[in-house]
Every structure is written in C-alpha cells, then in structure tokens.
Undergrad: 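I have a structure here, written as structure tokens, and I will follow up with some questions on it.
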Amino acid sequence: MSLVLDSGEITRALKRISHEILERNHGVSSLVLMGIPTRGRFIAQRLSEMIAEIESPVPCGTLDITMHRDDHRLRAPRALMETVMPMGGIEGKDVVLVDDVLFSGRTIRAALDALGELGRPRSVQLAVLVDRGHRELPIRADFVGKNIPTSLKESVKVYLTEHDGRDLVEIETVEE
Amino acid sequence: MKHLLSIHDLSVEQALDILDTAAQLEGLTSGAVKKLPTLRGRTVVNLFFEDSTRTRLSFESAAKRLSADVTNFTAKGSSVSKGESLKDTAQTLQAMGADAIVIRHPASGAANRLAESGWVSSAIINAGDGTHEHPTQALLDAFTIRKHFGPTMRDFSSLKVAIVGDILHSRVARSNIALLQMLGAKVTVIAPPTLIPLGIEEWGAPFSYDFDSELEEFDVVMMLRVQLERMNESFFPNGREYSRGYGLDESRLARLKPGAIVMHPGPMNRGLEISAASADSIRSVVVEQVANGVLVRMAVLYQLLGGPDLNSTGGTQ
C-alpha cells in the first residue's frame, strides 16, 4: 500500500482544478457541477465552495448513473443513489461532471446517458481527482487532480472526510 | 432474491431496499424522459388468469419504463379456455424466452407452484394468487404510507394501522399485515365475524368486530374491497347493513384524527365499503397508490432482473 495524495495535496489539487474550471469557462455564468455518487458528489461540493470563494457560487447537483450502467448482466443489482438537479437545471448550461477516479471510462459513458435524460447541456466537461489510465472507451478528462500510472493489479482507494472520516488517496495491490 | 412470491420471503432489509429503490426511481422518472435503459433486451410476461386493471397495467408500464419487452397473456381468449394446463402454458412462455413471469391466478399457491416446480427458469413475481398473497400491493401500500409519514422511515412503530373489511378473501390483507408488522407498525384487523378467517390469532395482529371503538387512534385506515365474486354464500344480510357496520362513510371519515390517510387497493365498491365522499376526500390516497404501484414494481423488476442472467451458467467477474 502506498500513499499517493495526502489531505493537503488533495486540497491543493482541487483548488487548482477550481481555477482551471473558471479559466476554461470564462467565469461562472452558465456553469453547473454534477457530482457522481458516492465520492464524486463530495468532490463536486468542495469544488463549488472553492469556486464560490474565488468568484461566485455555482449550482451543484448529484447524478446517479446506476440505471445506465452497461454491466447489469455481470453483477448483482446495485442500490440506487440520489439524483439531485442543480438549481436552475442543466438545460443549455456548461456542465462539469465530477468523479473521484477515472479508470475504464464506463462510468462517464453512463453519466453522459443519464445526463441526456435530464436535459440538453450546452457542453459537458469532466473533472476527476485521480486519472489512473486503462481506458476502455474514447473518454478523457478535462481537469485532473493527479495522473497516477497504475497496473491492473492495483486498485486506487480514495478516502474523503465527508464519507470516510479522512482525506487520503492510496494505491493497494490486489491479491490475485 | 430470485422470485417474489410472498412477503414472508423478504427480510426487513430487502423490503426497505425495494422501498428505497422505488423512491430513487421516482426522482429518475419524473423528468421529461420517463424511460430508463436498464432492462433492455429482457422479456417480462404478464400471465393473468384472473381479471385485473391496475396490477396488469402497472406491471406493464413498470417493465416498459425500464425498457424491457412486455408480453401480455390473459386466460380469456387463450388456449387455457381449451383446457391447457398451467404447466403447458408456462413452458410455452419459457420457450419464448421470458426472463420474468408476473402471474395472477385464482388458486392460492399458483405462483409458488410455478416457481418450485422446475417447469420454468424465469423469475416469478406473484401478482395475486387466490386468497393467499399479493406482495407488490403490500409494498406499494407501505411506500405510500412512508411518503405520508416519513419518506426515509425505517421503522413504522409510531403508526397505528386499521385494515377493515373482507379479510377472509383478501390476499391484500394477508400481505399487508405481514409487511406492516415486519416493519413494526401496530396493525388492527377489523371485520364482521363472518369475514374473519379461522386461525387469525396466529397472524399476530389484534382483531375487532367494532370499527367505531378506536377509530380516532388510527393513522392509516385501509379499506378492503368486499369480494362478492368469491362469495358463494351470504356473509352479511345485505349491503346496507355491511356499510352501517364496516363502511367508511362521512361520519366515520370526520372522526379520523388529523393527518390520518384512507387507503383502498381498488377496485372500490363505492357505497359499500367506502362512500363516494370518503373515496374522493382529501384524506384518500387511492390515486396515489396507483402511481406508486408503478414505481414499486419497477423496483421489484430491477431487483429481480437487474443482475446476471438467470439462465446463463458460470457468470463472469
């Protein structure tokens, strides 16, 4: 097990992402954040607070993607999580999807479908805390906290205070 | 969970899981697009040997909103009227590739028979079997109660529920008593002596012949339909006398405590067990029950069919 990001580094990465989001979108006028449960939701909330400190508040929602997954036939049904529309909706907005780890890209594909059912944003961007590679779909992140090259035998664990009581990212080697 | 045959098959956690899933589905299907892709390519067969409006339509729209294919089968106009047995009918459906069979049958235990006989490998959902059980009705009633008394409630012990009327013939009563007691609610059964089944003491719910004595204490009053089609002898002298003793009329409605709700699984015999004014009053949640039925049945279909193929051998992962 090895430490990748500590609490200070997570905060600094998210601050940088906040600035990058503002820079790319020329402010907050049509910006909306959508966090993907479980942990993407808390990251989205943090980003929205940081962006509020830098400029002005930005609406923040939650997007559950369970019903749009492509692996229903492979595993037991999962419990659904909450979907919360951001204030003002997503129609015609610049939506930034937020997740903790970008891996195969399948979650994001499902998220794009789920988003399409809620409305038609003007653009969709992607912010992740960790990009660990091994994409299985043509998807990339616009904002990345840290690129971590991994092997498929490793798993990336993200811990966030709101959910796990501490801020930490580490790599674990999975026993075969 | 492979089948849903009876409330007794469910643990408290599984029941609450279904209710939670239904609540989340409500958020997902309230937008412009009501359809989710989750069960694309799955086939749900509605196998109805008994008349139904609500339950069949409800299962049909639940399956369609999850993008499953739906085939409706009603005994009338099918080979059942030529004497085809349940076994042969079921095997025909199996050959057509049914992933789930939703069955309603006038014989108690028909769903269990189908599930346990090995005739088919589909998931079986009991949509009412004789006077035995109707589990999805109980789940949608619990969901409706939860929406009124606390959407995330995991313990119903603060609630007093009256289930009133034709208990003897009611599968809805059996499933509801089982589920509500499992969730902790205090259930009282109220009916004339002729419509109380033998051995009711074993159900664990107190019963009474008097609708009026505790009326002010109930949070939920669930009226049952008088099932005239199952009555081949007279259980009460006439409709007017039944209404006077056990019908929810205006004067009884006025005595209910503030915030109490009136439920009915439908179809209603207006003027018999429930007066038109009570059925249409603001306390009545009958129409809501129907809307909630679709959500709860979506949750059940998702739990049963959302996982690996039942017919495939040796799954991955």
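Here is how names work: the chains are called A, B, and so on, in the same order as the sequence lines, proteins then strands, and each is numbered from 1. What you are looking at is a predicted structure, and each value in this text was computed from that prediction instead of being measured. The figures that follow rest on heavy atoms only: side chains count, while hydrogens, waters and symmetry mates do not.
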Undergrad: Is the number of heavy atoms from other residues, nucleotides or ligands under 6.0 Å of B/R40 CZ greater than 12?
TA: no
Undergrad: Given a strict heavy-atom distance threshold of 4.5 Å, which part of A/M81 is in contact with chain B: side chain, backbone, both, or neither?
TA: backbone
Undergrad: Does any pair with a residue in residues 138-151 of chain B pass side-chain hydrogen bond (donor to acceptor under 3.5 Å, both in side chains), and if so which ones, sequence neighbours excluded?
TA: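 Pairs touching residues 138-151 of chain B that pass the test: B/D20-B/R146, B/E26-B/K147, B/Q137-B/D141, B/D141-B/N176, B/D141-B/Q289, B/T144-B/N292, B/H148-B/E288.
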Undergrad: Would you mind checking which part of B/L36 comes under 4.5 Å of any heavy atom in chain A, side chain (CB onward), backbone (N, CA, C, O), both or neither?
TA: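 B/L36 touches chain A through backbone and side-chain heavy atoms alike.
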Undergrad: How long is the span from the CG atom in B/L25 to the OG1 atom in A/T66, to the nearest 0.5 Å?
TA: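 Going from the CG atom of B/L25 to the OG1 atom of A/T66 covers 10.0 Å.
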Undergrad: Decide if atom CD of A/E23 counts as having more than 12 heavy atoms of other residues, nucleotides or ligands within a radius under 6.0 Å.
TA: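 No, the 6.0 Å shell around CD holds no more than 12 heavy atoms from other groups.
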Undergrad: Count the heavy atoms of every other residue, nucleotide or ligand shown that sit under 6.0 Å from CZ of A/R122, and state whether that count exceeds 12.
TA: no
Undergrad: What residues, two or more places apart in sequence or in another chain, satisfy side-chain hydrogen bond (donor to acceptor under 3.5 Å, both in side chains) together with B/D9?
TA: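 Residues passing side-chain hydrogen bond (donor to acceptor under 3.5 Å, both in side chains) with B/D9: none at all.
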Undergrad: Do B/Q24 and A/D64 touch side chain to side chain, with heavy atoms closer than 4.5 Å?
TA: no
Undergrad: Considering all heavy atoms of both residues, which atom of A/P77 and which atom of B/G306 are nearest to each other, and what is their separation?
TA: CG-C, 4.1 Å
Undergrad: For A/K157, is the NZ atom crowded, meaning more than 12 foreign heavy atoms sit under 6.0 Å from it?
TA: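 Open: at most 12 neighbouring heavy atoms sit under 6.0 Å from NZ of A/K157.
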Undergrad: Would you say the side-chain atoms of B/Y302 pair up with the backbone N or O of A/M67, donor to acceptor, closer than 3.5 Å?
TA: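 Side chain of B/Y302 to backbone of A/M67, a donor-acceptor pair under 3.5 Å: no, none is there.
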Undergrad: Can you tell which part of B/L39 gets under 4.5 Å to a heavy atom of chain A, answering side chain, backbone, both or neither?
TA: neither
Undergrad: Any idea which heavy atoms bring A/E117 and B/P37 closest together, and the distance?
TA: OE1-CD, 4.4 Å
Undergrad: Taking C-beta and beyond as the side chain, do A/R73 and B/R42 meet within less than 4.5 Å on heavy atoms?
TA: yes
Undergrad: Is B/I282 atom CD1 crowded by more than 12 heavy atoms from other residues, nucleotides or ligands, each under 6.0 Å away?
TA: no
Undergrad: Where does A/R78 contact chain B at under 4.5 Å (heavy atoms): side chain, backbone, both or neither?
TA: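 Backbone plus side chain of A/R78, per the 4.5 Å heavy-atom cut-off to chain B.
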